[in-house]
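Here's the structure, in structure tokens; my notes come after.
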Amino acid sequence: MSERVNRRDFAGMLSALLAVGGSAKSQAGAPAAAAHPLKELSSGVFKPQPGKGMVGGHESHQFLSGMLAAGNIRLEMHESVQQPGAPHEAVGTHKHSEIWLVQRGVATLYLNGTEHRMEAGDVGLCCAGDEHWVANGGDTELAYFVVTVGPPE
């Protein structure tokens, strides 16, 4: 049985993830991104940036990317759209954690060897180091937001 997560619960999860992400710097050592410093984020409203269009059945629009004022937490958010039948992204692992919020459609979220079904309104969480990918698991367009939190990579 899957539980639906409302926006208030999602915000609480994000706050907790930000707190956990803050301790990642001491565990990860010196950030690899030091050669390419990220801009410091400040409070405000962020509009989606233009994407590159639909490529291989995928399209993405970034809202924000940078470092929080604490200087040790990278935060990024984008919206992704996948067409039916589009290949899933490459299997990956990261030093950061990821949260997915499905807007419309059906997603298949692969986590450490297990596939999970996500529908509109569902939230998926992938903790740092987990092997994962996301695919369109339905026959309509899939749209979801992705929030990444963790050390610079």
Side-chain angles (χ1 to χ4, degrees), residues 2-83 86 88-105 107-112 116 118-136 141-153:
S2 69
E3 265 185 64
R4 297 265 178 187
V5 176
N6 63 35
R7 284 177 275 186
R8 181 173 289 141
D9 293 339
F10 179 71
M13 287 172 53
L14 184 56
S15 298
L17 194 55
L18 286 170
V20 170
S23 66
K25 183 178 182 184
S26 61
Q27 297 172 1
H36 303 289
L38 297 168
K39 72 177 183 175
E40 183 175 301
L41 295 172
S42 58
S43 300
V45 175
F46 300 87
K47 304 277 187 192
Q49 300 301 306
K52 296 179 182 176
M54 192 64 65
V55 177
H58 298 253
E59 184 173 20
S60 184
H61 299 276
Q62 188 172 59
F63 284 80
L64 59 91
S65 180
M67 296 296 290
L68 296 177
N72 60 351
I73 303 171
R74 179 180 156 268
L75 179 65
E76 188 266 342
M77 180 180 178
H78 67 272
E79 176 187 32
S80 288
V81 175
Q82 291 183 11
Q83 297 303 313
H88 65 73
E89 62 184 30
V91 174
T93 60
H94 309 290
K95 293 178 183 175
H96 63 256
S97 296
E98 297 183 7
I99 301 171
W100 295 275
L101 172 62
V102 178
Q103 294 177 279
R104 63 183 179 276
T108 300
L109 173 59
Y110 170 89
L111 293 170
N112 298 319
H116 305 271
M118 293 175 42
E119 299 172 346
D122 290 348
V123 170
L125 171 65
C126 172
C127 294
D130 286 348
E131 186 177 72
H132 66 282
W133 53 255
V134 177
N136 187 331
E141 182 175 83
L142 167 66
Y144 55 93
F145 287 107
V146 181
V147 177
T148 65
V149 181
E153 292 186 43

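These numbers come from a predicted model, not from an experiment.
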Approximate separation, where rounding is to 0.5 Å, of D130 CG and T93 OG1: 9.0 Å
Non-hydrogen atoms of V91 and W133 that approach each other most closely: CG2-CD1, 3.1 Å
A143 versus V81, closest heavy-atom pair with distance: CB-CG2, 4.2 Å
Smallest separation among heavy atoms of G56 and A86, with atom names: O-CB, 3.8 Å
Straight-line distance of E59 CD to M54 CE, nearest 0.5 Å: 4.5 Å
Approximate separation, where rounding is to 0.5 Å, of H88 NE2 and H58 NE2: 9.0 Å
Residue among Q82, Q103, H78, E79 satisfying side chain to side chain donor-acceptor pair (under 3.5 Å) with Y144: Q82
Minimum heavy-atom distance between L38 and R74, given as atom pair plus value: CD1-CD, 3.6 Å
From Y110 atom OH to C126 atom SG, the distance as rounded to the nearest 0.5 Å: 11.0 Å
Step-by-step side chain to side chain contact (heavy atoms under 4.5 Å, CB included) determination, T108 to V134: CA-CA 6 Å; T108 300; V134 177; over 6 Å; no
Which atom of A107 lies closest to which atom of V102, heavy atoms considered: CB-CG2, 4.2 Å
Option among H96, K95, M67 that satisfies the side-chain contact (heavy atoms from CB on, under 4.5 Å) test with P152: M67
Atom pair CG (N136) and CG (L142), whose distance is rounded to the nearest 0.5 Å: 5.0 Å
Verdict with reasoning, E76 to Q62, per side chain to side chain contact (heavy atoms under 4.5 Å, CB included): CA-CA 8 Å; E76 188 266 342; Q62 188 172 59; 3.3 Å; yes
Over all atoms of both residues, closest heavy-atom pair of S97 and A128: OG-N, 3.1 Å
L111 CG to E131 CD distance, which is reported to the nearest 0.5 Å: 10.0 Å
Partner residues of H94 under the side chain to side chain donor-acceptor pair (under 3.5 Å) criterion, sequence neighbours left out: E98, H132
Pairing residues for E141 by the salt bridge (Lys or Arg N to Asp or Glu O under 4.0 Å) criterion, not counting sequence neighbours: R104
Sidechain-backbone polar pair: Q49 side chain, K47 backbone, donor-acceptor under 3.5 Å: yes
Flag side-chain contact, heavy atom, 4.5 Å: V147 against L75: yes
